[in-house]
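Values in this document were obtained by computation on a predicted structure and should not be read as measured data.
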Amino acid sequence: MYLQLQNRLMTHVREFLTRKYPEITLPEIVIEQPPKIELGEFALPVALKLARGLRKAPLKIAQEIVDEMPLPEGFASFEVAGAGYINARLDRTAAAGVVAGTLGNAAATGNAVLPAAGARGKVLVEHTSINPNKAAHIGHLRNSILGDTLVRLLRAANFKVDVQNYIDNTGVQVADVVVGFEQMAKVSEQEIDALIAEPRFDYYCWDLYARVSQWYEADKTHLEARRATLHALETGGNQTATLAQKISMAVLHRHLETMQRLGIEYDFLPQESDILHLHFWAKAFELLKAAGVLYYEENGKNKGCWVMTRPGKVKDAPVGADGAASEADEAAGPDEDAKVIVRSNGTVGYVGKDIAYHLWKFGLLGLDFGYRKFSEYADGRHVWISCDPKDAEPGAPHFGGVDAIYNVIDARQSEPQETVKQAILLMGNADAAARYTHFSYEMVALTPRCAMELGYAVSEEDQKRSYIEVSGRKGFGVKADDLLDKLIDAAQSEVDTRHPELEVEDRREIATQIAVGALRYFMLKFTKQSVIAFDFREALSFEGETGPYVQYAVVRASNIFRKAGLEPEAALAATIAPAALDNDNDLWELWLAAGQTSKVIEQCIASTEPAGLTKHAFQLAQQFNNFYHHHHILTEEDAAKKALLLSTAAVVRRELMKAMDVLGIPVPRVM
RNA sequence: GGGAGCGUAGCUCAGUUGGAUAGAGCAUCUGCCUUCUAAGCAGAGGGUCGCGUGUUCGAGUCACGCCGCUCCUACCA
């Protein structure tokens with residue numbers, strides 16, 4: 001609702017100002033919200049910005065505009081305020097009608113500003129992408145929750161989204177656990193099968209991986225085993241590679257189970273082994289050479305390598321002076337800082353493979369994976385995994401070839417991400433490069449106190465730091481399933497005392513929903529670029545700015561309707577009392593806040609920052625709790641007033657549930 | 001050395017493209033359960049927005065310079 005009216009106001013003001021002041025170029029029309037609702041719903045600082053160009057006092061300009069500008073539909077007044085603001089007031093009754101969805105057609109509802117489903121194009125979100133060699137930890141959780149929420153945001157805004165989880169099944173990390181099984185611990189294949197059958201095989205790998213790292217450190221000659229194993233995995237078609245695939249697929253299943261607990265699902269799992277065996281790189285290499293993006297270095301420390309100019313170091317193309325420029329370059333010697341893509345021994349680094357993979361994402365490679373089913377979700381949808389096209393399932397869907405991509409990858413990888421993006425750009429795909437978004441976020445670390453609580457030795461130096469980085473290699477961190485288990489236990493004891501009348505399974509289900517809500521909210525409330533210093537005390541909190549606070553507000557709203565024996569939709573359809581809204585700013589603010597959910601979702605997508613929606617949900621819940629405390633709805637005697645209060649509760653409940661759905665926070669029946 | 005980011009209340013963090021009196025939560029203190037559930041509500045204290053200069057009607061926000069912290073910068077993945 002808010003977004004729709006804001007757009008209407010913006011267009012209206014721009015058209016008016018263009019007519020009134022044809023002699024000057026208009027500044028961007030900025031629309032804000034006044035600090036207090038008494039001042040109106042929208043504030044335009046445009047007169048302040050016009051002051052210099054027009055050489056006139058802002059207040060005078062504002063007055064001129066207010067005197068002459070007609071009111072757009074749905075608005076009640078314009079007035080001058082403060083140092084020269086123009087504040088706009090809405091026709092509250094009409095606006096409330098739009099929010100409630102009672103005013104006629106679908107075009108009046110909040111969704112009218114959105115294009116039809118799928119009309120915004122097909123996008124690809126890659127997230128999770130955990131090395132399949134150990135259990136997921138809290139850092140991975142942040143990745144998956146951010147990624148899944150981005151997916152939900154995009155889908156709520158009518159994008160068609162494919163979700164990918166990249167599987168690096170031939171990398172060093174998988175090689176390390178294979179070394180652990182085969183050479184260090186000497187576990188037989190039969191024993192491995194038995195371990196895989198255990199509920200949490202990934203936990204076993206977590207410990208084994210840490211042990212292998214120590215094993216390497218104890219004797220550097222052990223590193224030869226890693227090198228040989230890595231080579232075996234890359235080549236494929238041998239016993240070690242088969243074992244590695246068995247292990248990594250088992251761990252992958254565990255990862256999907258863990259994420260499923262949080263409501264996170266995927267469409268496609270591209271495997272690195274297939275990128276290798278289907279020769280994606282060879283094809284990309286040809287394209288890169290042909291486009292002149294890669295060049296063969298003849299001199300200097302990178303002699304014999306195929307290299308690429310580092311992002312940010314691309315020379316400002318001296319138009320018309322190419323000859324002179326390249327002479328100057330040659331005189332300066334080889335670019336020692338260039339990024340090596342193909343080593344002098346002819347092998348390609350992971351950035352090269354990543355370029356090939358990303359060309360595929362945009363449909364620019366000219367090669368494709370085969371697709372077969374990997375697993376099935378409760379609703380019958382399948383997760384697909386890559387394979388050789390000759391093993392592909394008939395009728396399988398096709399992935400890739402999308403309009404835009406989002407890579408949810410932590411901030412430490414922004415350099416290689418920039419390199420891939422630049423390669424795509426330099427190949428002449430400016431459009432694809434512009435739609436390549438590295439959704440960068442900071443890591444989750446542990447507070448020193450938390451690390452010590454977990455029994456890790458923390459040096460005195462580390463104790464002074466505000467956080468300590470987790471390390472899978474050292475086995476240092478909090479496992480995702482452990483954290484979720486802890487949260488469920490904590491929620492369970494609350495539910496048990498509050499609702500002893502419920503069946504055990506019901507209490508368990510509610511505790512799980514609360515735990516998931518708490519965890520997802522916790523991971524989303526911080527902005528992306530902020531390092532989360534993880535602490536159990538904060539993460540296990542169910543009070544204040546948390547998921548359960550928001551859930552509780554919805555449960556309270558639902559209780560009202562349950563007790564009243566009324567459907568919330570019926571309350572929305574009921575006539576509301578316009579006069580009461582005009583005179584009750586507190587109530588009106590609640591309607592206005594609820595009407596902003598769609599706007600917030602759009603802002604979150606534009607800024608690729610889901611934290612804005614958690615803030616919105618919390619503030620809306622807070623305002624609702626305030627409202628809940630001030631009004632005794634069911635005992636209200638004035639029928640018109642009661643109807644208004646009920647419709648207010650219904651609107652807030654609906655918008656809160658919409659926000660929670662996008663955030664992936666479940667709505668418990670009771671709390 | 002080069003690149004990126006951060007520095008806001010005791011702690012953890014928000015702060016829209018420069019706007020009206022810098023906000024939350026936690027922690028501390030004080031009140032409120034016979035009501036639609038207190039996982040809640042009301043209130044109090046707590047700030048040199050790292051430091052400085054500049055840009056302008058106006059700076060937490062923009063520019064420049066310092067100070068402090070973090071990450072990236074391998075023919076590792």
## Note on the structure
Counting primed atoms, P, OP1 and OP2 as sugar-phosphate and everything else as base, the B/S/- map of nucleotides 27-39 of chain B against protein heavy atoms under 4.0 Å is --------BBBSB

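Spacing between atom CD1 of Ile409(A) and atom C1' of rA4(B) amounts to 16 Å, rounded to whole angstrom units. The distance between atom CG of Leu48(A) and atom C1' of rG18(B), rounded to the nearest whole Å, is 11 Å. Between the CD atom of Glu545(A) and the P atom of rC13(B) there is a distance of 12 Å, rounded to whole Å. For the pair Asp462(A) CG and rU70(B) C1', the interatomic distance rounds to 14 Å; values are reported in whole Å.
An OP1 or OP2 oxygen of rC71(B) is reached within less than 4.0 angstrom by no side-chain nitrogen or oxygen of Gln529(A).
Side-chain atoms of Asp168(A) and Tyr350(A) include no donor-acceptor pair closer than 3.5 Å. No hydrogens or angles considered: a donor-acceptor pair under 3.5 Å links the side chains of Tyr166(A) and Glu272(A). When only modelled atom types and interatomic distance are considered, Arg562(A) and Asn559(A) share a side-chain donor-acceptor pair under 3.5 Å. Tyr549(A) and Gln622(A) share no side-chain donor-acceptor pair at under 3.5 Å. There is no side-chain donor-acceptor pair under 3.5 Å between Asp506(A) and His499(A).
A distance of about 24 Å separates the P atoms of rC11(B) and rC67(B), rounded to the whole Å. The separation of rU8(B) from rA59(B), taken at their C1' atoms, amounts to 14 Å, rounded to a whole angstrom. Comparing the C1' positions of rU37(B) and rG43(B) gives a spacing of 23 Å, expressed to the nearest Å. With both ends at atom C1', the span from rA74(B) to rG18(B) equals 43 Å, rounded to whole Å. Rounded to a whole angstrom, the distance from the C1' atom of rA4(B) to that of rC41(B) is 44 Å. Nucleotides rU35(B) and rA22(B) have their C1' atoms positioned 38 Å apart, rounded to a whole Å. Taking atom P on both nucleotides, rG47(B) is separated from rG31(B) by 24 Å, rounded to a whole Å. Nucleotides rG10(B) and rC57(B), compared at atom C1', are 38 Å apart to the nearest Å.
Ring-plane geometry between Phe285(A) and Trp306(A) is classed as perpendicular, the angle between the planes exceeding 60 degrees on a 0 to 90 degree scale with a lower cut at 30.
Phe536(A) carries Lys486(A) over the face of its six-membered ring, with the cationic atom under 6.0 Å from the centre and within 45° of the normal.
Among the heavy atoms of the strands lying under 4.0 Å from Ser530(A) are primed sugar atoms or P, OP1, OP2 only; no base atom is included. Looking at heavy-atom distances under 4.0 Å, Lys49(A) makes contact with a base. Here Asn133(A) lies out of heavy-atom contact (under 4.0 Å) with every strand. Across all strands shown, Asn626(A) has heavy atoms under 4.0 Å from sugar-phosphate atoms exclusively, and none from any base. If you check every strand for non-hydrogen atoms under 4.0 Å, Gln622(A) touches sugar and phosphate atoms only. When heavy atoms are screened at a 4.0 angstrom cut-off, Lys36(A) is found touching base atoms of the nucleic acid.
Looking at Asn165(A), Val177(A), Val174(A) one by one, the single match for side chain to side chain contact (heavy atoms under 4.5 Å, CB included) with Pro132(A) turns out to be Val174(A).
Base pairing of rG46(B): no nucleotide in any strand meets the Watson-Crick or G-U wobble criterion (both distances under 3.5 Å). With both pairing distances under 3.5 Å, rC51(B) is matched to rG65(B) as a Watson-Crick or G-U wobble pair. For rU70(B), the paired base is rA4(B) (Watson-Crick or G-U wobble, both distances below 3.5 Å). Using the Watson-Crick or G-U wobble rule with both distances under 3.5 Å, rA59(B) pairs with nothing in any strand shown. Across all strands shown, nothing is found opposite rC75(B) as a Watson-Crick or G-U wobble partner with both distances under 3.5 Å. The base-pairing partner of rA27(B), taking Watson-Crick or G-U wobble contacts with both distances under 3.5 Å, does not exist among the strands shown. When both distances must be under 3.5 Å, the Watson-Crick or G-U wobble mate of rA22(B) does not exist. rG40(B): Watson-Crick or G-U partner is rC32(B), with both key distances under 3.5 Å.
Checked for salt-bridge contact, Glu602(A) and Lys599(A) miss the test: no charged N lies under 4.0 Å from a carboxylate O. Using a 4.0 Å cut-off between charged nitrogen and carboxylate oxygen, Arg142(A) and Glu442(A) do not count as a salt-bridge pair. Ion pairing between Asp335(A) and Arg310(A) fails under the 4.0 Å rule for side-chain N and carboxylate O. Classification of Arg412(A) and Glu469(A) as a salt-bridged pair holds, one side-chain N sitting under 4.0 Å from a carboxylate O.
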Distances under 3.5 Å only, N/O to N/O: pair up the protein atoms with those of nucleotides 74-77 of chain B.
| unit_1 | atom_1 | unit_2 | atom_2 | d |
| --- | --- | --- | --- | --- |
| rC75(B) | O3' | Arg343(A) | NE | 3.2 |
| rC75(B) | O2 | Ser344(A) | N | 3.1 |
| rC75(B) | O2 | Ser344(A) | OG | 3.0 |
| rC75(B) | N3 | Ser344(A) | OG | 2.6 |
| rC75(B) | N4 | Lys301(A) | O | 3.2 |
| rC75(B) | N4 | Lys303(A) | O | 3.3 |
| rC76(B) | OP2 | Arg343(A) | NE | 2.8 |
| rC76(B) | O3' | Arg343(A) | NH2 | 3.2 |
| rA77(B) | OP1 | Arg343(A) | NH1 | 3.3 |
| rA77(B) | OP1 | Arg343(A) | NH2 | 2.1 |
| rA77(B) | OP2 | Arg343(A) | NH2 | 2.4 |

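Take the nearest nucleotide of RNA chain B for Ala43(A) and for Glu538(A): the residue whose nucleotide is more 5' is Glu538(A). Along RNA chain B, the nucleotide nearest Glu415(A) and the nucleotide nearest Ile86(A) are compared for position; the residue whose nucleotide lies closer to the 5' end is Ile86(A).
Listed nucleotides rU12(B), rC41(B), rU70(B) differ in distance to Tyr467(A); the shortest reach to its side chain belongs to rU70(B).
Because its glycosidic torsion is within 90° of 0, rC33(B) is reported here as syn.
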